[in-house]
Amino acid sequence: MARLQMLAREVVEGYCTGRHRSPHKGFSVEFKEHRQYVQGDELKNIDWKVYGKSDRLYIRQYEEETNLRCTILVDQSGSMEYGGKRSVDGLTKREYVVRLSAAIAYFLLGQQDPVGLITFDHDVRQQVPLRSRPSHLRAILTGLLANHDRRETDLGAVFRKVISKIGRRSLVVVLSDSMGDLESLSRSLAQLRASRHEVIFFQILDPDERDFPFSGRIQFKDLEQVAPEQTVDAGVLAEAYREKLAEHNALLKEACRRSRVDLVQVTTDEPFVDVLHQYVSARRRLTR
């Protein structure tokens with residue numbers, strides 16, 4: 001757990017490196033623009049570099065982000081156990097999502113946003129209530145690291161159960177490979193939005209799942225169901241697989257577009273700092 005907490009802190013600090021260092025505490029205040037100084041303004045907000053160039057006094061204005069309750073939904077079904085050689089540090093999708101979720105939670109708590117966690121496969125497995133104190137990170141990490149059987153999932157059915165557990169209006173951050181019945185998922189996303197929740201959906205795939213780099217005869221194993229392993233000719237399947245994935249992703253995009261859900265597609269070879277940046281960008285779009 002200590003290692004995961006350290007990684008989360010490193011990701012967030014890496015993201016914050018190079019950002020404007022404001023006189024305000026925390027991550028919740030962003031530099032917006034300058035305006036000319038008027039009598040009564042705080043002297044500490046004067047931009048002295050601008051004064052040195054223009055011989056005029058300008059004030060740095062800041063734009064505060066709205067604090068929002070956030071529930072992180074983490075898919076821990078069997079399909080999340082896949083990990084190829086090109087992912088960050090050889091991580092499986094589940095391990096990647098655990099680290100990314102920890103970083104998002106650390107970031108949220110740094111903004112004093114209440115954050116909670118729900119993990120699931122075909123049913124809800126762990127639920128950590130929303131809290132905003134920094135010490136709450138330990139409960140989030142404990143929930144992320146809890147072990148249970150990795151089973152198949154129906155995202156739509158799980159989300160319908162989750163809606164009543166989230167409570168009043170929240171930001172819902174979903175991390176899943178989105179494998180499953182998209183019609184059911186589409187209905188549940190619509191229900192989430194009808195309940196006034198904002199939703200950011202991170203579709204997490206391994207690079208192998210994205211481009212199917214296999215060749216020759218290869219053995220495949222079902223990670224969600226007990227079934228015999230199958231040996232197939234990868235070359236014969238490749239084109240059909242890519243077409244099927246493209247169709248699946250197009251339907252997912254349409255479902256998210258229809259329900260005004262912000263879809264962020266990620267592969268596990270992407271650095272965590274870059275994905276955290278995508279989270280922040282998505283959240284800003286929601287608060288405009």
Tyr15 and Phe272: CA distance, side-chain angles, deciding distance, ring-ring contact (aromatic ring centres under 6.0 Å, His included) verdict: CA-CA 9 Å; Tyr15 167 75; Phe272 294 111; over 10 Å; no

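- Residues Leu205 and Val266 fail the side-chain proximity criterion, which asks for heavy atoms closer than 4.5 Å.
- Using a cut-off of 4.0 Å between Lys/Arg side-chain N and Asp/Glu carboxylate O, Arg283 and Asp113 are scored as salt-bridged.
- Between Ile72 atom CD1 and Ser170 atom OG the span is 12.0 Å, to the nearest 0.5 Å.
- No side-chain heavy atom of Leu155 sits less than 4.5 Å from a side-chain heavy atom of Arg160.
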Begin with the C-alpha distance, continue with both residues' side-chain angles, and end with the deciding distance and a verdict on side-chain contact (heavy atoms from CB on, under 4.5 Å) for Arg196 and Arg168. CA-CA 8 Å; Arg196 301 183 65 246; Arg168 61 186 177 87; over 6 Å; no

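- Applying side chain to side chain donor-acceptor pair (under 3.5 Å) to Lys93 and the options Asp177, Asp206, Asp75 leaves one that passes, Asp177.
- Taking Asp211 as the reference, Arg86, Pro213 meet the side chain to side chain contact (heavy atoms under 4.5 Å, CB included) condition, with sequence neighbours excluded.
- Note on Arg260 versus Glu198: no salt bridge recorded, every NZ/NE/NH1/NH2 to OD/OE distance being 4.0 Å or above.
- Side-chain atoms of Ser77 and Asp121 form no donor-acceptor pair, as typed in the model, at a separation below 3.5 Å.
- Using a 4.5 Å cut-off on side-chain heavy atoms (C-beta onward), Ile166 and Val172 make contact.
- A donor-acceptor contact under 3.5 angstrom links the side chains of Glu270 and Gln278, judged on distance only.
- Separating the OG1 atom in Thr268 from the CZ atom in Arg210 is a distance of 8.5 Å, to the nearest 0.5 Å.
- Both Val11 and Leu91 sit in one connected hydrophobic cluster of ILVMFWY residues. Membership requires side-chain heavy atoms under 4.5 Å apart, directly or through other members.
- Between Arg99 and Glu95, no side-chain nitrogen of the basic residue sits less than 4.0 Å from a carboxylate oxygen of the acidic one, so the salt-bridge criterion is not met.
- Under the 4.0 Å criterion applied to side-chain N and carboxylate O atoms, Arg257 and Glu254 are assigned as salt-bridge partners.
- Listed by chain and residue number, nothing satisfies the side-chain hydrogen bond (donor to acceptor under 3.5 Å, both in side chains) test with Ser87 (two or more places apart in sequence, or in another chain).
- Under the side chain to side chain contact (heavy atoms under 4.5 Å, CB included) criterion, Lys253 pairs with Leu263, Gln265, sequence neighbours left out.
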